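Notes for the one structure printed next.
Lettering of chains follows the sequences in order, A, B, ..., and the numbering in each one begins at 1. Treat the numbers as computed from the prediction; the structure is a model and nothing was measured.
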Amino acid sequence: MQQGQDTFDVDRSAGDFKYAEDYAYDAGVGLNEDVVRYISKVKGEDEWVLNFRLSALKAFEKMPNPTHWAPKKLDELDFSKIRYYLAKSQQKKRSWDEVPDDVKQTFERLGVPEQERAFLAGVDAQFDSESAYTNMKEHLAKDGVIFCDSTEGMRRYPEFFKKYFGKVIPISDSKYSALNSAVFSGGSFVYVPKGVKLKQPLQAYFRINAESFGQFERTLIIADEGAELMYMEGCTAPRFETGTLHSGVVELVALKGAKIQYVTVQNWSDNVFNLVTQRGMAEEDAQIRWVDCNIGSGITMKYPAVILKGARARGEVVSIALATTKQHQDTGAKMIHLASGTTSNITSKSVSIGSGRASYRGLVYMAKNTSGCKNNTVCDALLINANSRTDTYPAVVCGGENNSVQHEASVSKINEEQIFYMRQRGLSEQEAVSLSVNGFVNDLVKEFPMEYSVELRRLIDLQMEGSVG
Amino acid sequence: MKGLEIRNLVVKIASRTVIDGLNLEVPAGQVHAIMGPNGTGKSSLSKAIAGHPDYKIASGEVLLDGENIVGKSVDEIARMGFFLSFQYPVDVPGVSIANFIRACLNARQSGGKTVNPVAYYKELYEKMDLLKIDRNFTNRSVNEGFSGGEKKRCDILQMLMLKPKFAVLDEVDSGLDIDALRIVSQGVNSARSPEVGMLLITHYNRLLEYIKPDRIHVLSGGKIVLSGGPELAVELEQKGYDWLK
């Protein structure tokens, strides 16, 4: 194997294009109280929302960057140079034909409407700050399912927001959740009523088009008792000269016996800071499952969490990370067991290529008053080049009685004899390494919905391009 | 010459010479066997021909249908029509047999073309039936968790699908019981044709009762020390190798 390539280009041609910026609403560069008030005013929000934003801004300003443990690169993030809000129009388009042409072209290139036509139950496509288009199949609406962007959700369904918004992830959970709480715009609101089981997934696309822009979508998903749903999100951005920030917050609430599955395929360009907080709260017998794939971005810091609040609740995180040169995927999972008989599973696979770095950071917490809780964690890391890096930082706090926690970790180098074997069958070195990496993550890729797993394999192949030989 | 021709080959691993001036000609349409005691360079020879980066060719030539393949990459040599059946086939976790062989076939297509999936599966199933490989193996990861015999059959399946001009089979009989040996041999024999040459590496005459060679060569000390007809294998089995020293 060739060693020590420090630079190579990754083809992200699918997402690497942009259109002229022409925004009706622009909050300018930098962050202060006026910016927050501007965003809230443009959106016509109630006072309680503005107050929520302002208290979040205060918390954000007080909190330091978590640089004592986080990647050093985080210091490069200059909050005073970011644009926090950009929007074409506040008027949501309901039909594809009404969406402005350049936005439409963007999403057509990304394949959004095709997929929607094919089978999706609903699509929420976010272009910079605001959702460009939301639609939902009629039968879903008839069942009482709500799927809209969070601004509309907040306006029309304040009862849900007052009860759950900012409760799973409090304002001051971290500097970035505080930032999101101050300037959020876009994102989805989903409510699935009691006993309604969605057979088709709901889907969202996030795209950054403008340079130095921060995207701060905010998603709240509530599955009422016995309800079931799957939500999928995809992310892309063209490559800009300066760093761009994506700092979303996703809150899931699974009431008694409900099931939520949340799938992310993240392929931001490699100068996006992807700092996302995702957390779900599972009541009695409820299940929450995060299926997460991080391929893009320069830095990702993301640790999907499940708070197992009710007895016998179940949490799961399935995570794939690919880090190439210039990338640091700092990902992991948190499982907070607060009730007895709760179970959780974490399966993480990472691949480090070139001087790329993948870190697993996990927390498994079992509270004092619990019993019969189980966690099983498996992390496997694969290193492709001699200068590739991987780290594992598992934290386990096991209180209570008769609780069990299991942690398995492995690190392997790419197997030279395997590559020789595959090349002897006629595959080029790159094809062989790509196939080997695909094989390594295969059992997890299968956890993604079909069209995502196909896309994932393609992205992995692209990511491997130029990594060897 | 069509087939494989090796001239004055010297192979080194690090500074150790493992093949020391070897000459060999295996014309297309013929099957030759290389026998010899352990540690005389039989596997080294096969890996060196295949282009394994650890086996440095210090001097000499290896001609495949008249073209020198020394210095070409492993996969280039493979796509020219050279196949090596491994003594120890390697696991490829997470990659199914069907996908693996298809990727290998696609790698041989020009201009990004791909094989027709219907025709592909039809042929794959035919060859699997010939080798008595269960159909559900198409979805199993290549060699992962296979028995020794299953691995050998999987390798021969790949050979039958990839249709090389020349194949080296390195101890294809090791670890096989008598039934598996018969099945693997049938598979190998089905690939014999006037266009295809083969070199068998083996310790035992037993294999040569199933796959009849045209010539036998004895490798010792990194070179061919004796060549003869099929009867030589019987003689070697009776007398061992010591008398050659």
Side-chain angles (χ1 to χ4, degrees), chain A residues 1-3 11 293 318 320 322 347-351 378 380-382 384 386 410-448 453-454 456-458 460-462 464-465 468-469, chain B residues 43 46-55 72-97 99-109 112 115 139-144 151 154-155 157-164 167-168 170:
Chain A
M1 186 83 18
Q2 298 287 312
Q3 291 176 352
D11 181 357
C293 179
V318 173
I320 300 174
L322 248 74
T347 316
S348 158
K349 287 200 175 184
S350 70
V351 182
V378 180
D380 297 316
L382 179 66
I384 303 293
S410 78
V411 179
S412 49
K413 261 255 341 117
I414 193 134
N415 180 342
E416 301 287 345
E417 285 309 305
Q418 184 194 69
I419 299 303
F420 173 67
Y421 183 75
M422 296 166 89
R423 290 181 72 189
Q424 206 299 306
R425 300 307 184 237
L427 300 175
S428 68
E429 184 174 15
Q430 187 182 304
E431 287 166 337
V433 174
S434 257
L435 201 57
S436 176
V437 167
N438 263 301
F440 173 71
V441 296
N442 185 51
D443 53 337
L444 300 193
V445 169
K446 279 196 240 166
E447 300 294 328
F448 287 77
S453 61
V454 171
L456 258 180
R457 284 178 214 281
R458 197 184 65 82
I460 290 170
D461 286 344
L462 287 175
M464 300 309 298
E465 236 167 59
V468 291
Chain B
S43 286
S46 66
K47 287 194 170 156
I49 300 170
H52 194 295
D54 292 349
Y55 296 77
K72 292 189 191 296
S73 72
V74 183
D75 45 293
E76 218 178 332
I77 294 168
R79 289 192 301 270
M80 284 172 71
F82 177 79
F83 184 91
L84 172 62
S85 168
F86 283 54
Q87 185 179 358
Y88 304 107
V90 185
D91 294 4
V92 190
V95 179
S96 72
I97 287 183
N99 284 343
F100 181 59
I101 297 177
R102 187 156 55 166
C104 296
L105 283 169
N106 285 337
R108 288 164 167 74
Q109 307 282 310
V115 295
N139 291 321
R140 292 198 41 192
S141 296
V142 177
N143 296 326
E144 193 182 32
K151 286 183 183 183
C154 176
D155 250 31
L157 175 66
Q158 293 171 44
M159 181 181 83
L160 296 184
M161 292 300 291
L162 299 176
K163 302 186 183 63
V168 173
D170 190 359

> Closest heavy-atom contact between B/Gly51 and A/Phe420?
Replying inline: C-CE1, 4.4 Å

>> To check you understand the geometry: which heavy-atom pair defines the closest contact between B/Leu84 and A/Gln424, and what is its length?
In response: N-OE1, 3.0 Å

> What closest approach, in Å, do A/Gly426 and B/Ala107 show between heavy atoms, and which atom pair accounts for it?
Replying inline: O-CB, 3.4 Å

>> Apply side chain to side chain contact (heavy atoms under 4.5 Å, CB included) to residues B/Val74 and A/Met422 and explain how you reach the verdict.
In response: CA-CA 9 Å; B/Val74 183; A/Met422 296 166 89; over 6 Å; no

>> At a 4.5 Å cut-off on heavy atoms, which part of B/Tyr88 comes close to chain A: side chain, backbone, both, or neither?
In response: neither

> How long is the gap from SG on B/Cys104 to CG on A/Leu435, to the nearest 0.5 Å?
Replying inline: 8.0 Å

> Using non-hydrogen atoms only, which part of B/Asn106 is less than 4.5 Å away from chain A: side chain, backbone, both, or neither?
Replying inline: neither

>> How long is the straight-line distance from CG of A/Asn415 back to CG of B/Asp91, given to the nearest 0.5 Å?
In response: 8.5 Å

>> Do B/Val90 and A/Glu416 have side chains that approach each other closer than 4.5 Å (heavy atoms only, starting at C-beta)?
In response: no

>> Return the CZ to CZ distance between A/Arg425 and B/Arg79, rounded to the nearest 0.5 Å.
In response: 14.0 Å

>> For the interface with chain B, which of A/Arg423, A/Gln418, A/Lys446, A/Glu417 has the highest count of heavy-atom pairs at distances below 4.5 Å?
In response: A/Arg423

>> With a 4.5 angstrom heavy-atom cut-off, is it the side chain or the backbone of B/Pro164 that approaches chain A, or both, or neither?
In response: neither

> So which of A/Val441, A/Asn442, A/Leu427 has the biggest tally of heavy-atom pairs under 4.5 Å with chain B?
Replying inline: A/Leu427

>> Tell me whether the rings of B/Phe86 and A/Tyr421 are parallel (<30°), tilted (30 to 60°) or perpendicular (>60°).
In response: perpendicular

